[in-house]
Participant: 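My questions all concern the structure below.
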Amino acid sequence: MSESVISVTVKLFAAYQEAYGLSELMLEFPHGTPVKAVCDRLISEHPELNQWRDVTRYGINLIFVAPDTPLKHGDEVVLIPPVSGG
């Protein structure tokens, strides 16, 4: 593996999980990519998710982070859109 490419595990919830029909993805990004790029990629593959872009929160390794937080190889990323229950 090149040092300029990192792999991350993306845990999918709510609308993201519904769009993909999966609870987890493995994705590769260039070194130094911000976590918001994960959301950008998912939306590019499933444009119906765009409605959640501005309200999605990001987590890396069980800690909420800012959208511009850089990813590291092996990170576990979560995208948390608003959820409702009843």
Side-chain angles (χ1 to χ4, degrees):
M1 179 179 77
S2 168
E3 288 185 31
S4 62
V5 176
I6 59 167
S7 295
V8 297
T9 301
V10 181
K11 302 285 188 172
L12 303 175
F13 298 97
Y16 294 101
Q17 189 176 74
E18 290 172 26
Y20 277 86
L22 300 168
S23 61
E24 183 176 299
L25 299 170
M26 292 292 296
L27 298 176
E28 291 185 340
F29 291 94
H31 179 75
T33 297
V35 69
K36 67 183 173 188
V38 174
C39 188
D40 293 341
R41 178 175 300 172
L42 299 187
I43 290 169
S44 74
E45 294 176 359
H46 289 274
E48 70 273 17
L49 294 171
N50 191 52
Q51 65 184 313
W52 305 113
R53 181 189 305 268
D54 294 336
V55 291
T56 294
R57 294 193 62 193
Y58 303 95
I60 298 176
N61 303 325
L62 303 176
I63 299 171
F64 282 113
V65 297
D68 59 351
T69 302
L71 295 168
K72 297 182 186 126
H73 181 72
D75 279 346
E76 181 178 273
V77 176
V78 295
L79 303 179
I80 309 291
V83 295
S84 62

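A quick note: this is a predicted structure, and the numbers were derived from the prediction, not measured. For the numbers below, each heavy atom of this structure counts, side chains included, while hydrogens, waters and symmetry mates do not.
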Participant: Answer yes or no: is there a donor N or O on one side and an acceptor on the other, between the side chain of H73 and the main chain of S7, under 3.5 Å?
Facilitator: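 Judged by distance alone, yes, a pair lies under 3.5 Å.
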
Participant: Quick check on the hydrophobic clustering: are I80 and L25 connected, directly or via other members, by side-chain heavy-atom contacts under 4.5 Å?
Facilitator: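 Looking at the clustering, L25 is in a separate group from I80.
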
Participant: Determine whether more than 12 heavy atoms belonging to other residues, nucleotides or ligands lie under 6.0 Å from atom CZ of R57.
Facilitator: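 Result for CZ/R57: open.
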
Participant: Once you round to the nearest 0.5 Å, how far does CD1 of I63 lie from CG of D75?
Facilitator: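 Output value for this atom pair is 10.0 Å.
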
Participant: Mind checking the CD-CG spacing from E28 to L71? Nearest 0.5 Å is all I need.
Facilitator: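 Between atom CD of E28 and atom CG of L71 there are 12.5 Å.
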
Participant: Is there a chain of hydrophobic side chains (I, L, V, M, F, W, Y, each step under 4.5 Å between heavy atoms) that links V65 to V55?
Facilitator: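 Result: yes, single cluster for both.
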
Participant: Grab the two heavy atoms, one from A14 and one from P81, that are nearest each other, plus how far apart they are.
Facilitator: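 In this case the closest contact between A14 and P81 is CB-CG, 3.7 Å.
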
Participant: What's the shortest heavy-atom distance between E24 and K11, and which atoms?
Facilitator: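 Closest pair (atom of E24, atom of K11, distance): OE1-NZ, 2.6 Å.
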
Participant: Do you know the tightest heavy-atom contact between P70 and G32?
Facilitator: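 For P70 versus G32, the nearest heavy atoms are CB-O, 4.1 Å.
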
Participant: So, for L22 and Q17, which heavy atoms are closest and what is the spacing to 0.1 Å?
Facilitator: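 Smallest heavy-atom distance, with atoms named: O-CG, 3.0 Å.
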
Participant: Minimum heavy-atom separation for C39 and R53, please, with both atom names.
Facilitator: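 That closest heavy-atom pairing would be SG-CA, 4.4 Å.
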
Participant: When rounded to the nearest 0.5 angstrom, what distance separates OG1 in T9 from CG in N61?
Facilitator: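 Here the rounded value is 9.5 Å.
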
Participant: Whether the side chain of N50 engages the backbone of P47 through a donor-acceptor N/O pair (distance < 3.5 Å, no angle test) should be reported.
Facilitator: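 No, the answer is negative, given that no donor and acceptor are paired below the 3.5 Å cut-off.
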
Participant: Can you tell which of V8, V35, V78, V38 makes a side-chain contact (heavy atoms from CB on, under 4.5 Å) with I60?
Facilitator: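 It is V35; the other options fail the test.
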
Participant: Should T56 and Y16 count as side-chain neighbours, where that means a heavy-atom distance under 4.5 Å?
Facilitator: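 Result yes, sub-4.5 Å side-chain heavy-atom pair found.
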
Participant: Can you tell me how far CD of Q51 sits from CD1 of I43, rounded to the nearest 0.5 angstrom?
Facilitator: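 I43 CD1 to Q51 CD: 9.5 Å, rounded to 0.5 Å.
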
Participant: Is there side-chain contact between L79 and Y58, with heavy atoms separated by less than 4.5 Å?
Facilitator: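 Yes, side chains in contact.
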
